[in-house]
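Every chain is numbered from 1 and lettered A, B, ... according to where its sequence line falls, protein lines coming before strand lines.
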Amino acid sequence: MTRLRTAIRYAALTAGLAIVAGPFLWTLLGSFKTDAEIRREPPTFLPLRWIADNYTSLLERMDVVTATFNSAVVAGVVVASNLLFCSLVAYALTKLDFGAGRLVFGLVLLQMMVPAIVLLIPQFVTVASLGLADTYAGIVLPGLVTPLGVFLMRQFMGEIPDEIVHAARVDGAGEFRIFFRVVLPLCKPVLATLGLITFMASWNNFIWPAVVAQHEDMYTLPVALANLSTRETAHYGVLLAGVIVVITPVLLLFVLLQRYFVQGVATAGLK
Amino acid sequence: MAAVASERASARRGARSGARRPDAPPRRTGRAWLFCAPFLLVFALMYALPLVAGLLMGFTDMRSTDVRNPFAVNFVGLANFERLFQDDTMRRAATNTLFFVVATTPLTVAAGLGAAMLLNSGIGRLRTFFRLGYYLPYVTSIIGIAVAWRLLLDPQAGLLNQLLGMIGVDGPAWLLDDRTALPALVVMTAWRNFGFDMVVFLAALQGVPRELHEAAHVDGAGAWARFRAVTLPMLRPAILFCGVYSAAGFMQFMEEPLVMTRGGPLDSTLSASLAIFNQFGAGDYGYGAAAATILFTVIVAFSFAQFRWLRPNR
């Protein structure tokens, strides 16, 4: 009876995994098939003949190198800025006995609640009047200090004993020095989590970069892919190759570093 | 849930610092403001100012051509809002969004709960493997997923209809049919998001005491009865959290129809956010901002309701 139950449970889990992983596998295998084979009935599972043509013609139809570079620049700036600035806010909120701390934290929560679409037009008008439309600065500006980052860092720093900070103050260290030399090194695990979450969010971000980037040389990967998908509606192989190029970096990173992610979800208190 | 818990934590902290001892170290207010300065700067420039500007913009006739000189626009009072309530396209977008939220939320939560229940009992080392697999769509670029699913749902070449054809079923045109397009997006969105709910439920299931299950077992309760009488009530906060959190996100859905259907066929997948985005694309900023204000109001109302629902001990 128990054994039967376990077997049913495994069967259900495997069926679920097939439904979840199926589209990924279909995309990956399809990116190595000819358009004719992708459309063939009945469908083939493995490609009849593995071809790389879709990837080479992707390079011709979409500026993969520029888009990857843009995505990397944007993600790099956003990650570095969040690691530093969210930690600074968290330090002020947890270690500096800050009278206006509750007000600042209230603003963090408010920023978390406002829907993106409400801000989209006025944010764009702001960025455009600063002359930052179609620039990296315009793309990264709204994401430099994210509420989730402040939240995560504040939760973690709150657990660091105040005595450590007091001891450093007695030794005559200034606040910047304590922050960089004492507190930040203790935050390494949560910094890894925040870095990972911020990187994935930035890499996958679509609407805002699509609005700010007005020329192809500023497109990030998702924007370039969305653009390709409106132009190449019939070239399935190329589109599937494009999907693989866009999603693979984040998936690899997630699989390799998932323990940091799990820690992050736990730290954020989503228990 | 997280917000509520930390709210209370900070309230405690506030109470403690309120009773300051005379020998307490001086407040480092200057440093604190300095440390918060980058956040406050970005907040003021990119959130506070745009929020206020957006609310005001809804009462003007601003168009994309006014961007260079935003203060030269005319106030038009409630004209945008009056137009909004007579706009069939906007009404259609609102109904679509409502349908989407009402259909997708329970489906996502139920799938997440089911996966968590299956993973929680008697699965050893493979647990991490399945959990990772189920979570992958959630961290994948929505554009990547939308492009792949658009092809997957193609009436002729798509995998889904090919598989249906193999068992002799003539599948519908999915995204090209105004009756099936929105339900297809519902299923895709649940597919993408249930992994998040699953992780939340797995964590919540750790908090269900074994003794409760054992006691129910001794009393002769079957698996289903134990699920209904023990597990479900214990998971109530987690279910509410997932439901509310998902619903708030689904109210803003737009990338899926933008990439997969452009809101069609016949506006059947036009969401509220996408309709606003289209006004933006057409350069009608004032009208778009008015519609955004309405959406914002609905979401704020929902958020206030959520605090009531999520309040513990209810």
Say whether, by atom type as modelled, one donor and one acceptor occur between the side chain of [X] and the main chain of [Y] under 3.5 angstrom.
{"X": "Y47(B)", "Y": "P142(A)", "value": "yes"}
{"X": "Y134(B)", "Y": "L13(A)", "value": "yes"}
{"X": "Q162(B)", "Y": "R40(A)", "value": "yes"}

Are side-chain heavy atoms of [X] and [Y] found at a separation under 4.5 Å?
{"X": "M62(B)", "Y": "V125(A)", "answer": "yes"}
{"X": "P50(B)", "Y": "F124(A)", "answer": "no"}
{"X": "P115(A)", "Y": "F296(B)", "answer": "yes"}
{"X": "P137(B)", "Y": "V20(A)", "answer": "yes"}
{"X": "M46(B)", "Y": "L119(A)", "answer": "no"}
{"X": "V104(A)", "Y": "F43(B)", "answer": "no"}

**Asked** F35(B) and F98(A): aromatic ring centres closer than 6.0 Å?
**Response**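 Ring centroids of F35(B) and F98(A) are no less than 6.0 Å from each other.
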Part of [X] within contact of chain B (heavy atom distance under 4.5 Å):
{"X": "F176(A)", "answer": "both"}
{"X": "V211(A)", "answer": "side chain"}
{"X": "T146(A)", "answer": "neither"}
{"X": "L130(A)", "answer": "side chain"}
{"X": "V127(A)", "answer": "side chain"}
{"X": "T27(A)", "answer": "side chain"}
{"X": "V118(A)", "answer": "both"}
{"X": "V246(A)", "answer": "side chain"}
{"X": "A21(A)", "answer": "neither"}

How close do [X] and [Y] get, counting heavy atoms only, and between which atoms?
{"X": "W191(B)", "Y": "I19(A)", "answer": "NE1-O, 2.9 Å"}
{"X": "I121(A)", "Y": "F280(B)", "answer": "CG1-CD1, 3.6 Å"}
{"X": "A12(A)", "Y": "L118(B)", "answer": "CB-CD1, 3.8 Å"}
{"X": "A92(A)", "Y": "A32(B)", "answer": "CB-O, 3.8 Å"}
{"X": "L17(A)", "Y": "G133(B)", "answer": "CD1-CA, 3.9 Å"}

**Prompt:** Between L225(A), I244(A), V250(A), which shows the greatest number of heavy-atom pairs under 4.5 Å with chain B?
**Reply:** L225(A)
**Asked** Of all of F24(A), F179(A), W203(A), which one pairs up most often with chain B through heavy atoms under 4.5 Å apart?
**Response** F24(A)
Kindly list each side-chain donor-acceptor pair under 3.5 angstrom involving residues 142-159 of chain B, sequence neighbours excluded, with atom names and distances?
{"residue": "D154(B)", "atom": "OD1", "partner": "Q156(B)", "partner atom": "N", "Å": "3.0"}
{"residue": "D154(B)", "atom": "OD1", "partner": "A157(B)", "partner atom": "N", "Å": "2.9"}
{"residue": "D154(B)", "atom": "OD2", "partner": "Y236(A)", "partner atom": "OH", "Å": "2.2"}

Taking [options] one by one, which has the highest count of heavy-atom pairs under 4.5 Å against chain A?
{"options": "V139(B), V259(B), V42(B), I276(B)", "value": "V139(B)"}
{"options": "R262(B), Q279(B), E255(B)", "value": "E255(B)"}
{"options": "S141(B), G195(B), A272(B)", "value": "S141(B)"}

Proximity breakdown for [X] and chain A, heavy-atom pairs closer than 4.5 Å:
{"X": "F129(B)", "answer": "side chain"}
{"X": "L136(B)", "answer": "both"}
{"X": "F201(B)", "answer": "neither"}
{"X": "L160(B)", "answer": "neither"}
{"X": "L40(B)", "answer": "side chain"}
{"X": "M254(B)", "answer": "side chain"}
{"X": "L258(B)", "answer": "side chain"}
{"X": "R192(B)", "answer": "neither"}

**Request:** Please state whether the rings of F254(A) and Y135(B) are parallel, tilted or perpendicular, taking 30° and 60° as the class boundaries.
**Result:** parallel
**Request:** Drop me the distance from L107(A)'s CG to F39(B)'s CZ, to the nearest 0.5 angstrom.
**Result:**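 L107(A) atom CG to F39(B) atom CZ measures 5.5 Å (nearest 0.5 Å).
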